[in-house]
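First comes the structure, then the notes that go with it.
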Amino acid sequence: MEIRFEKREKLKDKPDWSNLGFGKYMTDYMFICDWDREIGWHDARIVPEGPIEMDPACMTLHYAQETFEGLKAYRREDGKIQLFRPEMNAKRMINSNERLCMPAFPVEDFVAAVKALVKTEEAWVPKEKDTSLYIRPFMFATEAALGVHMAKSYKFMILCCPVGAYYATGLDPVKILVENELVRAVAGGTGFTKCGGNYAGSIAGQVKAEKLGYSQVLWLDGNERKYVEEVGTMNIMFKIDGEIWTAPTVGTVLPGVTRDSMIHLLKDWGYKVREERLAIDDLMKAGHDGKLEEVFGTGTAAVISPVGELRYNDDVVVINGGKTGELTQKLYDTLTGIQWGRLPDNYGWTQLVD
Ligand SMILES: *Cc1c(COP(=O)(O)O)cnc(C)c1O
């Protein structure tokens, strides 16, 4: 893949590195590649970041044929920049696209495009502790037509934005509401894909949770509303009586890169990891019996998110006194250590951008 470069006249002002938040400041450039039925992928380019032209009949705006990914570039203490398992994101996007009848962007080209853009935007990879450059690859139908069908043309793009430390003052447990009515995914649906449509349908649950003073939703399975699946943007794990439980990724659950990495670490540390269905009633009972030792969400943005409280209908369980558990902290320290290059990477998970 050859990538053409279009220079920006005037570079943007850099944001205040100590107050980045999440997803607010796009960098100077973006990657674009076009696909059509006749020639396939063509015209890969890095161009100034900014608005793109779109026909109002663009099929994405009507039928949401759209998928995305999320990964980060990390600045190491020696100044070098590294990525974390980018091939997993590339492969996952291919799986998402297959389900949505969208073309595959090849794994090598995905990784090459990410590296080329991050290299171009080196000056945007922040140095402050726990900050990073968030990378958002996404693909969408561009054909202008109002009939529902597999579109004849698509765009694959990548945006970058520097993001702040997720936890300003150490890990901070969240309160989670178990959603008892709305569902996120059903068997045979698109739950395992990272597609915008999944999120559109989940916002109502999020709004409901926030009204009740909870920051996230824990979704149950869509068929019986009986088994725990995942949180809005995170997979979730439970430490019960010394063992780790997490939902199997069998179609309704997003196969997280962070989830997979945590499972590797946990198994290496001798934990039994049960990728099995866990009924919400059994989970709440474990909580009341004092067997639910730790609960944490896993995802690229926060890495790990300790859960201090779970509410299901009128039943409330407080976990570990509402404090971050020991294993949660150890997983966070280890994975962030590897990602930012502070700890040796014995798994071959990191790759330099050079
Ligand atoms: C992205 C995402 C995750 C986490 O995946 P990571 O690869 O670990 O970032 C979990 N659940 C959903 C629904 C997601 O969209």
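In listed order, ligands and their atoms are each counted from 1. Since the structure is predicted, the reported quantities are computational estimates derived from the model, not experimental observations.
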**Polar side chain donor-acceptor pair, D268 to Y347, under 3.5 angstrom** = yes
**Request:** Step through it carefully: locate the ring centre of F105, locate the ring centre of W41, and say whether they are under 6.0 Å apart.
**Result:** yes
Mind listing the N or O contacts between ligand 1 and protein, cut-off under 3.5 Å?
residue	atom	partner	partner atom	Å
ligand 1	7 (O)	R92	NH1	2.8
ligand 1	7 (O)	R92	NH2	3.2
ligand 1	7 (O)	V257	N	2.8
ligand 1	8 (O)	V257	N	3.3
ligand 1	8 (O)	T258	N	3.0
ligand 1	8 (O)	T258	OG1	2.6
ligand 1	9 (O)	T300	N	2.9
ligand 1	9 (O)	T300	OG1	2.6
ligand 1	11 (N)	E230	OE1	2.5
ligand 1	15 (O)	K194	NZ	2.7
ligand 1	15 (O)	Y199	OH	2.3

**Request:** Taking the six-membered ring for Trp and the single ring otherwise, decide whether the centroids of W245 and F238 are under 6.0 Å apart.
**Result:** no
**Prompt:** Quick check, are the ring centers of F68 and Y199 under 6.0 angstrom apart?
**Reply:** yes
**Item:** Shared-cluster residues of W219, by chain and number - hydrophobic side chains joined below 4.5 Å
**Value:** L182, V217
**Asked** With a 4.0 Å cut-off, would you call R45 and E6 a salt bridge?
**Response** no
